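For reference, the structure I am asking about is given below.
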Amino acid sequence: MTSPEDSAPAIQLFDTLTARKVPFEPLVPGRVSLYVCGVTVYDFSHIGHARVYVFFDTMVRFLESVGYEVRYARNFTDVDDKIIKRANELGLPANAVSEKFIGEFKADMAALGVRAPTFEPKVTEHITEIIALTKTLVDRGAAYTAGGDVFFEVEKFPGYAKLSKRDLKEMQVGARVDVNEAKRSPLDFVLWKAAKPGEPSWESPWGAGRPGWHIECSAMSMKYLGETFDIHGGGSDLIFPHHENEIAQSEAATGGGSSKPFARHWCHMGFVTIDAEKMSKSLGNFFTVRDVRKEYHPEGVRYFLLTTHYRSPINYATQSLDEAARRVAYGYTTLARMNTVLGVASASISAVASAEFIDAMRDDFNTAAALGVLAGELREANELLDKRAAGWKEKLASLRANLLGAARILGVFEAEPESFLASWRARHLASIGMAEADVERLIAERQAARKGKDFSRADAIRAELVAKRILLQDEPGRTTWRVDA
RNA sequence: GGCGGCAUAGCCAAGCGGUAAGGCAGAGGUCUGCAAAACCUUCAUUCACCGGUUCGAUUCCGGUUGCCGCCUCCA
């Protein structure tokens with residue numbers, strides 16, 4: 001594959017650090033390193049989590065489609081206060097809780113078409129690296145010990161708050177900063193926590209304990225991606241203090257400076273909201289991925305999450321989910337129509353997104369604009385199929401290559417259309433407790449009525465099915481049905 | 001209180017200095033026994049409000065109003 005630098009204009013990426021769009025050039029030509037903060041596995045994930053991982057999955061797919069090799073690391077925080085609390089409530093060991101929810105998370109992500117990252121490190125499997133990094137910070141005088149705790153001394157790191165653009169003095173007088181007797185400054189944060197009875201702990205130079213929250217991401221990203229890597233991502237709520245702290249401890253350990261930044265670009269996601277309020281555990285206004293995908297086909301959920309640019313908030317609303325589901329059905333219906341004249345697309349068929357689509361994605365991964373391009377291409381395909389003007393088959397074939405290329409990037413419309421549509425129907429029948437044979441029987445009965453010109457009976461059957469969100473479609477020679485999404 | 005973001009048609013949503021993408025809904029039409037699907041036509045002289053810069057602003061600057069976020073765990 002040709003190197004992406006060869007011809008195409010650079011990808012524009014909004015960088016939180018500089019607060020502007022910058023041309024993206026990876027540290028190593030042709031290769032992108034990406035770290036995204038993963039979930040703390042103490043419960044099911046909600047749609048807010050899903051948005052982040054669907055987006056970064058799409059980013060990775062896009063980068064790969066234009067020729068980059070992507071090394072993508074996304075961690076699991078599998079030791080933490082909440083996990084311990086949950087384990088105590090359930091009377092289970094902490095790792096039983098974390099392992100369960102790692103499995104649930106993976107199941108949710110797979111359903112949403114989120115591919116596994118290159119690396120999925122767990123905190124508990126990187127205690128050695130975390131201790132080593134903490135020790136480096138203590139040795140360098142950037143951190144201090146207090147009892148069995150180790151704290152990072154924020155004052156010793158000159159660039160602190162450069163990401164979140166805060167004023168240290170203002171923060172110090174803020175009433176909400178954690179007060180802890182052992183800290184030299186309220187802003188200092190814990191790298192290593194002394195063990196409390198009954199909690200998971202590991203031996204360290206400072207006695208038994210466990211890692212603080214922030215240090216894990218520094219240790220694991222550096223292990224898998226190096227001391228400097230290209231893009232670090234996560235939800236906007238991680239900018240402060242989590243990512244700020246990651247920068248401080250990482251650069252304090254490696255020397256930092258402009259020649260050796262921790263992450264070269266920072267990429268933060270807008271929130272999923274409900275009635276314009278952030279979806280969150282603490283507000284209780286969240287929907288789990290598990291529950292949502294009972295209600296909606298996961299591909300529709302993924303489509304919905306891509307309809308808004310990643311930095312803007314996206315409001316969770318049933319109307320929007322319904323609309324997304326209909327668009328997914330429309331896309332697959334179109335693809336299925338194309339297949340009837342072009343034949344089923346083989347795996348070897350060329351799948352190259354249109355230049356227009358790629359341009360939209362290149363501009364800060366603008367999936368909303370890209371979906372707009374896709375809408376035009378789908379409409380054009382149907383138009384060709386309807387009008388069959390000169391040269392239509394050739395145009396249709398190249399359009400299909402474009403659509404399949406876009407599908408591969410978006411992670412939507414990748415399935416074989418007929419079987420997708422069939423599974424969609426099956427899914428609906430299961431949800432209303434009806435059998436395929438029941439529908440077929442009614443269709444046959446209606447066909448008989450139509451033949452006998454008994455249209456009132458035929459219409460009654462149609463109405464009966466419409467009530468069950470089943471729409472009949474009379475085609476030449478046969479009647480099919482679809483789900484009214 | 002500090003810092004930051006956002007306000008585009010009935011709804012969702014791109015655009016961010018050169019005269020408003022796309023989707024949903026609505027209206028009309030082609031097709032149909034009737035429908036559905038699909039397609040066609042139509043649907044913002046205007047981008048919260050007030051000033052400023054500019055030949056030109058939805059896009060830049062200042063202010064006003066409203067909403068949201070971070071400052072504590074959060075994706």
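These numbers were taken from a predicted model, which means no experiment stands behind them. Chain A is the first sequence line, chain B the second, and so forth, proteins listed ahead of strands; every chain is numbered from 1.
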Aromatic plane relationship, A:H242 with A:H214 - under 30° parallel, 30 to 60° tilted, over 60° perpendicular: tilted
Phosphate-side-chain proximity, A:R379 and B:A38, N/O vs OP1/OP2 below 4.0 Å: no
A:E277 side chain, from C-beta outward: closest of B:A75, B:G69, B:C40: B:G69
A:R478/A:E475 salt bridge by N-O under 4.0 Å criterion: yes
Pairwise C1' distance for B:G26 and B:C50, with rounding to whole Å: 35 Å
Separation of the C1' atoms in B:A7 and B:U59, to the nearest angstrom: 14 Å
Gap between atoms NE2 and P, on A:H309 and B:A13 respectively (whole Å): 13 Å
Minimum-distance nucleotide to A:H46 side chain [options: B:A14, B:C67, B:A75]: B:A75
Between B:A37 (P) and A:M338 (CE): distance, integer Å: 20 Å
Nearest-nucleotide pick for A:P241, side chain only, options being B:C40, B:C34, B:C73: B:C73
A:R379: partners by side-chain contact (heavy atoms from CB on, under 4.5 Å), with sequence neighbours left out: A:Y330, A:E383
Where RNA chain B forms stems, i.e. three or more consecutive Watson-Crick or G-U pairs with both distances under 3.5 Å: B:1-7 with B:65-71, B:10-12 with B:22-24, B:26-30 with B:38-42, B:48-52 with B:60-64
Rounded distance in Å between the P positions of B:G4 and B:G63: 12 Å
Residue whose nearest RNA chain B nucleotide is more 5′ - A:Q319 or A:H242: A:Q319
Nearest-neighbour nucleotide for the A:N366 side chain, B:A14, B:A75, B:C34 considered: B:A14
Polar pair under 3.5 Å, donor/acceptor by atom type, side chain A:R311, base B:G4: no
Lys/Arg N to Asp/Glu carboxylate O, A:D474 vs A:R462, below 4.0 Å: yes
Sidechain N-carboxylate O distance under 4.0 Å for A:D57, A:R302: yes
Donor-acceptor pair (no angle test) under 3.5 Å: A:D386 side chain, B:C31 base: no
Minimum-distance nucleotide to A:C37 side chain [options: B:C67, B:C71, B:A75]: B:A75
Distance-only donor-acceptor check, side chains A:Y35 and A:N75, under 3.5 Å: yes
Any side-chain donor near an acceptor of the partner, A:S164 and A:E244, under 3.5 Å: yes
Under 3.5 Å donor-acceptor pair, A:D459 side-chain atoms to B:G33 base atoms: yes
Euclidean distance for C1', B:A44 against B:G23 (whole angstrom): 16 Å
Atom-pair distance (NE2 on A:H268; P on B:C70), nearest Å: 13 Å
side-chain N/O A:K278 vs B:C70 OP1/OP2, d < 4.0 Å: yes
Rounded distance (Å) that lies between atom C1' of B:A38 and atom CG of A:L471: 14 Å
Atom pair distance, as rounded to whole Å: CG in A:D363 and C1' in B:A14: 10 Å
Presence of salt bridge, A:E380 and A:K395, under 4.0 angstrom: no
Residue-phosphate contact under 4.0 Å: A:Y330 side-chain N/O, B:C39 OP1/OP2: yes
Nearest listed nucleotide, side chain of A:Q473, among B:A75, B:G2, B:A37: B:A37
Listed nucleotide nearest any side-chain atom of A:K82, set B:A37, B:G23, B:C73: B:C73
Euclidean distance, atom CZ of residue A:R327 to atom C1' of B:A37 [Å, nearest integer]: 13 Å
Presence of donor-acceptor pair under 3.5 Å, side chain of A:R450 and base of B:G33: yes
Closest to the A:D474 side chain, choosing from B:A35, B:A14, B:G2: B:A35
Among A:L90, A:I83, A:N88, the one residue meeting side chain to side chain contact (heavy atoms under 4.5 Å, CB included) with A:R86: A:L90
Whole-Å gap separating C1' (B:A36) and CZ (A:F455): 16 Å
Whole-Å gap separating C1' (B:U30) and CZ (A:R388): 16 Å
RNA chain B: 5'-proximal contact among A:E383 and A:V272 (nearest heavy atom): A:E383
Donor/acceptor link under 3.5 angstrom from A:R51 side chain onto base of B:A75: no
Candidate nucleotides B:C70, B:C24, B:A14, ranked by approach to the side chain of A:R326 - the nearest: B:C24
Side chain of A:V39 (C-beta onward), nearest among B:G33, B:A75, B:A13: B:A75
Aromatic plane relationship, A:W481 with A:H428 - under 30° parallel, 30 to 60° tilted, over 60° perpendicular: tilted
